[in-house]
Amino acid sequence: MVRVPTLFFDLGGVLLTNGWDTSARRTAAEVFDLDYQEFQTRHEMLKTAVETGRLSLDEYLRKAVFSHPRRFTPDEFKAFMFAQSKVLGETLDWVRELAKTENCRLYTLNNESRELHEHRVEMFRLDEIFRGFLVSCYLGQVKPDEGIYENALGIAACHPEDAIFIDDRALNVEPALALGFKAVQFKGLDPLRSFLKECGVSV
């Protein structure tokens with residue numbers, strides 16, 4: 001059996017904007033007239049549970065936002081959340097072309113709540129690119145815990161020396177390197193293309 005490189009992509013900060021980051025939450029607080037500090041504190045206490053699938057998005061919103069009566073509905077707030085996801089630069093289009101070459105295997109490896117992740121897959125047709133989605137909400141683990149990287153290798157049936165990991169955060173890259181992945185912190189499409197070419201992957 002011929003072994004080919006297996007690429008594991010983070011989504012937010014690499015291919016798409018972050019789905020629900022500090023900037024998005026701050027904007028939500030302004031748009032919906034929330035007490036930002038209270039909202040942020042509640043979010044920090046709940047984020048791991050929602051990202052690992054132990055808490056649904058509806059339950060997260062009930063505890064993080066709708067602990068007080070509001071003049072808007074949960075559906076209106078969710079629509080705002082989903083609308084924060086946008087394509088980030090040209091990298092997604094390039095990866096879409098890379099997928100057509102079939103000279104490597106592509107997976108995601110990302111932290112995200114189930115509902116937001118599934119919205120992004122549908123909205124940006126990510127199922128046309130990736131063989132599978134190794135997401136914290138399905139695996140019950142989050143980056144940078146080493147276990148999620150080890151499970152990604154097992155699910156993808158990939159040897160560490162054939163694995164390439166791309167993430168915009170250095171803290172998430174470090175465990176991958178420690179486990180024997182080739183890994184790089186994403187700093188733009190051109191540096192990524194150069195790195196992957198050195199790894200034998202190109203369009």
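Note that these values count all heavy atoms, side chains included, but never hydrogens, waters or copies made by symmetry.
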Tell me whether K187 at atom NZ has more than 12 heavy atoms from other residues, nucleotides or ligands lying less than 6.0 Å away.
no
Nearest heavy-atom approach of N18 to G12 is OD1-C, 3.1 Å
Can you check side-chain contact (heavy atoms from CB on, under 4.5 Å) on L34 and F77, steps first, answer last?
CA-CA 12 Å; L34 304 177; F77 196 87; 4.0 Å; yes
Measure from the side-chain N and O atoms of S136 to the backbone N and O of E112, and report whether any donor-acceptor pair falls under 3.5 Å.
yes
So, do L171 and P144 sit near enough that their side-chain heavy atoms are less than 4.5 Å apart?
yes
Tell me, please, whether Y36 has R25 positioned over its six-membered ring: NZ or CZ under 6.0 Å from the ring centre and within 45 degrees of its axis?
no
Should V121 and L98 be counted in the same cluster of Ile, Leu, Val, Met, Phe, Trp and Tyr side chains packed under 4.5 Å apart?
yes
Same cluster (ILVMFWY, side-chain, under 4.5 Å), L139 and V50
no
Looking at D10 and K143, is any side-chain nitrogen of the basic one under 4.0 Å from a carboxylate oxygen of the acidic one?
yes
Are there over 12 heavy-atom neighbours, none belonging to R169, within less than 6.0 Å of that residue's CZ?
no
Quick check: is L134 connected to I166 through a chain of hydrophobic side chains (ILVMFWY, heavy atoms under 4.5 Å apart)?
no
Grab the two heavy atoms, one from E146 and one from P175, that are nearest each other, plus how far apart they are.
CG-CB, 4.1 Å
So which of Y107, F9, F8, Y149 actually passes ring pair (Phe, Tyr, Trp, His ring centres under 6.0 Å) with F165?
Y149
Checking ring-ring contact (aromatic ring centres under 6.0 Å, His included) for the pair F72/F80: CA distance, chi angles, key distance, verdict?
CA-CA 11 Å; F72 52 90; F80 175 88; 9.8 Å; no
Nearest heavy-atom neighbours spanning L106 and C104:
CD2-SG, 3.8 Å
Under a 4.0 Å N-O cut-off, is there an ion pair linking R42 with E38?
yes
Taking E115 for the side chain and L57 for the main chain, is one N or O donor matched with an acceptor at less than 3.5 Å?
yes
Determine whether R3 and E161 satisfy the following criterion, salt bridge (Lys or Arg N to Asp or Glu O under 4.0 Å), listing intermediate values before the conclusion.
CA-CA 10 Å; R3 285 162 46 179; E161 58 267 29; 3.0 Å; yes
Rounded distance (nearest 0.5 Å) linking atom CD of Q84 with atom CG of L16
13.0 Å
4.5 Å side-chain heavy-atom contact, V4 and N103:
no
Roughly how far apart are F186 CZ and D168 CG, rounded to 0.5 Å?
8.0 Å
Is it the case that the side chain of S202 and the backbone of K197 share a donor-acceptor pair, with hydrogens and angles ignored and the cut-off at 3.5 Å?
no
Given H117 and F133, is the side-chain contact (heavy atoms from CB on, under 4.5 Å) satisfied, shown in steps?
CA-CA 9 Å; H117 167 72; F133 300 96; 3.6 Å; yes
Side-chain donor-acceptor pairs of residues 89-97 under 3.5 Å, sequence neighbours excluded:
residue : atom : partner : partner atom : Å
R96     : NH1  : E128    : OE1          : 3.2
R96     : NH2  : F124    : O            : 2.9
E97     : OE2  : K100    : NZ           : 3.1

First locate atom OG1 of T6, then atom CG of D162, and finally report the distance between them rounded to the nearest 0.5 Å.
6.5 Å
Check: S85 main-chain N/O paired with R120 side-chain donor or acceptor under 3.5 Å
no
Non-hydrogen side-chain atoms of S113 and Y60 separated by less than 4.5 Å:
no
Pairing residues for R193 by the salt bridge (Lys or Arg N to Asp or Glu O under 4.0 Å) criterion, not counting sequence neighbours
D190
Without swapping roles, check the side chain of D145 against the backbone of G147 for a donor-acceptor pair under 3.5 Å.
no
Is there a side-chain contact (heavy atoms from CB on, under 4.5 Å) between H43 and W20 once you walk through the steps?
CA-CA 10 Å; H43 166 81; W20 192 231; 4.0 Å; yes
Can you tell me how far CD of E51 sits from CG of L46, rounded to the nearest 0.5 angstrom?
11.0 Å
Rounded distance [0.5 Å steps], CZ in R114 versus CZ in R54
13.5 Å
Trace of the side-chain contact (heavy atoms from CB on, under 4.5 Å) decision for L126 with T108:
CA-CA 10 Å; L126 300 181; T108 71; 5.6 Å; no
Single-linkage hydrophobic cluster, 4.5 Å side-chain cutoff, L116 and F39 together
yes
At what distance, to the nearest 0.5 angstrom, does CD1 of I148 lie from CG of N111?
5.5 Å
Between F195 and L177, is there shared hydrophobic-cluster membership here, with clusters defined by ILVMFWY side-chain heavy atoms closer than 4.5 Å?
no
Any heavy-atom pair between the side chains of C158 and L153 that's under 4.5 Å?
yes
Closest contact, heavy atoms only, C199 versus I164
CB-CD1, 3.8 Å
